[in-house]
Structure formats: structure tokens, C-alpha cells
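A short worksheet on the structure shown next.
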Amino acid sequence: MSAVAPVAIVTGGARRLGRHLCMTLAARGYDVVILYRSSAEAAQALVADLAATGRRARARAVDVGVEAQVAETFAEIARMEGRVDLLVNNVGNYNPQDVTRLTPAVWDATLATNLSGAYYCCFHALPLIPADGNIINIGMAGLEGTRANVRGADYYVSKTGLLSLTRSLAAGYASRGIRVNMVSPGQLDNSIDLPSPDEIGQTVPLGRAGEMHDIAQAVEYLLEARYVTGVNLDVAGGYRL
Ligand SMILES: NC(=O)c1ccc[n+]([C@@H]2O[C@H](COP(=O)([O-])OP(=O)(O)OC[C@H]3O[C@@H](n4cnc5c(N)ncnc54)[C@H](OP(=O)(O)O)[C@@H]3O)[C@@H](O)[C@H]2O)c1
């Protein structure tokens, strides 16, 4: 690492997986900018926890689905941090319902947040990412463009699109030395869909829910793996194999 601390931006960073990733990245020496939408109190508490590790941290509210807000956010990052060594697109709303009850409003909101939002962040971050910088998108395990997902179709479409975007950006920005990858959880132990412990083996061959450190470990691997770009790593105990 250079004398100047690298800077990580984590969307949806204030709580749950995003929070865990912020703490992991700070432990690796990153200064962290937490992007959140409504969890101001949790974001400020995390800023304090990150600062206690000796790293610089700040939080900023943004709706990633609104391009003008994303543009403003990264203009501020350009002024304040001056660089983005790692962007983690962690926002991914999951409000599953049967496809026969899906409405255009829900569809638009999911795609705006999960897919367009990630693209807007990439678009505005990329001019600030130096050679050797990284983008890591958080996906969903078991993506396969042609599989039926009757429940949560909007979510799966957004995550499949995000995988396609990941690969395209990886190919397009490789010549600048920027790597773009995806890490895909299956059923985390905080999932709203989590089966009971005696049933989880039916959907997760390794027989347990994923923990946040499992996902952080994959993120850390990708940061180290300088010959790896354009991949999706399912970190999911075999979910949907
Ligand atoms: N949890 C799981 O079991 C699981 C399984 C597979 C994949 N994943 C993926 O892993 C990632 C993290 O999952 P999670 O369960 O920790 O996420 P989450 O709690 O559902 O959402 C993370 C954060 O996203 C932020 N957010 C939502 N809409 C936003 C918007 N328009 N603009 C800015 N921020 C927005 C929220 O911030 P505020 O709180 O500030 O509003 C929220 O705290 C997601 O991409 C998810 O799809 C999770």
C-alpha cells in the first residue's frame, strides 16, 4: 500500500453486510466513505467505530437510484478524498413477490436502485479510480439468466444485469488496470428468507447460512487476486448449484 491510504466507497454501507465490509476494509488500511440512504444514526455510529480503528471515515446520504445525487456525491469525493481505490456496490433491495403481482412501480424502483444505481456509481467513480483500483459488485448466488424466478423476478433481473455490467466493465477497463468483479451471497444468516436450521440443508448443500465474514473473505481475496477480473464468486455453500 502507498503512503497515502487507499479510499473505499461502500454503498448501503451503514448496516448489515455493508457495515461489516466497511470494518473489514478499514482493518486492511482503507479510509472509508459510507454511502447510506436513510440510516443516518447507524452511519454516524459506524464512522465513530471506523475512526476508532485509526482510519479516516465519513458518511454521506445519497439515493443511488437518482443519477444527479450520485454525480454530486462523487464530485464531493473528488474534492474531499481525491480518489477511489475501491468501489463496493452493495445496495441491493429485495422485496420479493410473485411475478403475477409485480407492478411497474416496484419493477422500476428495483431496477433503479439495484442496477442503474450501481451503474451510476461506477460511471462517476471510474474517473477517480487509479490503475490497480477495483470495483466489486455484490450479486446473488445462483444467477443464471434463463432460470425462472417466479418470486422476486425484478430482483433477479437486476442482479443478472449487474453481472453482465460487471463483465462488460471488466473487459472495458482492463487496459487501465482496473479490475471489476462480483461477489454473490446466497442465504446469509440475516436473510428475510432464511429456512430453519433443520431445513437449510435442502437448499444449501453445505448445511448452514452464510455469515458476513464469508462474504468479506471473498472481497479480500478479490483485492489480492491481481490476475482476476470479470468473475462472479458465489459464496453460498452451494446454494442453487
Ligand atoms: N442478506 C442476504 O441474505 C443476501 C443474500 C444474497 C445477496 N445479498 C446481497 O447483499 C447485499 C447486502 O445485503 P443486505 O441484506 O445487507 O442489504 P440490505 O440491508 O437490504 O440493504 C443495504 C442498504 O442498502 C441501502 N439502500 C437501499 N436502497 C438505497 C438507495 N436507493 N440508495 C442508497 N442506499 C440504499 C439501505 O441503506 P439505509 O439503511 O441507509 O436506507 C440499506 O441499509 C445486497 O446487494 C443484497 O442483494 C444479500
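Residue indices begin at 1 and follow the sequence shown. Whatever order the structure lists them in is the order used to number ligands and atoms, beginning at 1.
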Practice problem: Show your working on side chain to side chain contact (heavy atoms under 4.5 Å, CB included) between L241 and D234 and close with a plain yes or no. | Solution: CA-CA 10 Å; L241 273 178; D234 276 7; over 6 Å; no
Run the side chain to side chain contact (heavy atoms under 4.5 Å, CB included) check on M140 and Y239 step by step: do they pass?
CA-CA 10 Å; M140 171 70 213; Y239 180 66; 3.4 Å; yes
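Each of the atoms 1 (N), 2 (C), 3 (O) of ligand 1 lies under 4.0 Å from some heavy atom of N190. Atoms of ligand 1 found under 4.0 Å from any heavy atom of N93, numbered from 1 in the order shown, are 27 (C), 28 (N). Near R15, meaning under 4.0 Å from one of its heavy atoms, ligand 1 places the atoms 39 (O), 43 (O). When each atom of ligand 1 is checked for a heavy atom of G12 under 4.0 Å away, the hits are 23 (C), 24 (O), 25 (C). The M140 neighbourhood of ligand 1 comprises atoms 6 (C), 7 (C), with distances under 4.0 Å to a heavy atom of that residue. For ligand 1 and V91, the ligand atoms under 4.0 Å from any heavy atom of the residue are 24 (O), 25 (C), 26 (N), 27 (C), 28 (N), 29 (C), 34 (N), 35 (C), 45 (O). Taking every non-hydrogen atom of D63 and a distance limit under 4.0 Å, the qualifying atoms of ligand 1 come out as 30 (C), 31 (N), 32 (N). In summary, the atoms of ligand 1 found under 4.0 Å from a heavy atom of G92, numbered by their order in the structure, are 44 (C), 45 (O), 46 (C), 47 (O).
Using 4.0 Å as the threshold, G139 has a heavy atom nearer than that to some atom of ligand 1.
Connection of I192 to L17 is not established within any shared hydrophobic cluster, with ILVMFWY side chains joined at heavy-atom distances below 4.5 Å, either directly or through further cluster members. In the hydrophobic clustering of ILVMFWY residues, with side-chain heavy atoms under 4.5 Å counting as a link, L169 and F74 come out together.
Using a 4.0 Å threshold on non-hydrogen atoms, atom 21 (O) of ligand 1 does not count as touching the protein. Under the 4.0 Å distance rule, the nearest protein heavy atom to atom 36 (C) of ligand 1 falls outside the cut-off.
Only the side chain of T113 comes within contact range of ligand 1, with a heavy atom under 4.0 Å; no backbone atom does. Contacts of Y94 with ligand 1, taken as heavy-atom pairs under 4.0 Å, are absent altogether. Looking at R37 against ligand 1, both its backbone and its side chain come within 4.0 Å, counting heavy atoms.
Between the side chain of D85 and the backbone N or O of A8 there is no donor-acceptor pair closer than 3.5 Å. Using modelled atom types, one side-chain atom of R147 and one backbone atom of G142 make a donor-acceptor pair closer than 3.5 Å.
Between V64 and ligand 1, at least one N/O pair is under 3.5 Å apart. Looking at P185 next to ligand 1, no N or O pair under 3.5 Å apart turns up. For ligand 1, the polar-atom distance check against Q187 finds no nitrogen or oxygen pair separated by under 3.5 Å. Of the N or O atoms in L17, one or more lie within a sub-3.5 Å distance of an N or O in ligand 1.
In terms of protein heavy atoms, atom 47 (O) of ligand 1 is closest to Y155 OH, 2.6 Å. The nearest protein atom to atom 10 (O) of ligand 1, hydrogens excluded, is given as I138 CG2, 3.3 Å; this is a heavy-atom distance. Protein heavy atom closest to atom 33 (C) of ligand 1, with residue, atom name and distance, is V62 O, 3.1 Å. From the protein, the heavy atom lying nearest to atom 39 (O) of ligand 1 is S39 OG, 2.5 Å. The single protein non-hydrogen atom nearest to atom 41 (O) of ligand 1 is S38 OG, 2.6 Å, given as residue, atom name and distance. At the top of the distance list for atom 5 (C) of ligand 1, counting protein heavy atoms only, stands G186 O, 3.0 Å. With hydrogens left out, the protein atom closest to atom 12 (C) of ligand 1 is N90 OD1, 3.1 Å, a heavy atom. The protein non-hydrogen atom at the shortest distance from atom 19 (O) of ligand 1 is R16 NE, 2.8 Å.
Remark: the D193 side chain and the S191 side chain contain no N/O donor-acceptor pair separated by less than 3.5 Å.
Within 6.0 Å of OH in Y173 there are 12 or fewer heavy atoms belonging to other residues, nucleotides or ligands. Surrounding CZ of R208 are more than 12 heavy atoms belonging to other residues, nucleotides or ligands, all under 6.0 Å away. More than 12 non-hydrogen atoms from other residues, nucleotides or ligands lie less than 6.0 angstrom from CD of E199. Atom CD of Q217 has 12 or fewer heavy atoms from other residues, nucleotides or ligands within 6.0 Å. When the shell of 6.0 Å around CZ of R56 is examined, it contains 12 or fewer heavy atoms from other residues, nucleotides or ligands.
The existence of a salt bridge linking R19 and D49 is confirmed by a sub-4.0 Å separation between a basic side-chain nitrogen and an acidic carboxylate oxygen. Ion pairing of E81 with R58 is present here, as a side-chain N (NZ or NE/NH1/NH2) and a carboxylate O approach within less than 4.0 Å.
A cation-pi contact, defined as under 6.0 Å to the ring centre and within 45° of the axis, is absent between R16 and Y94.
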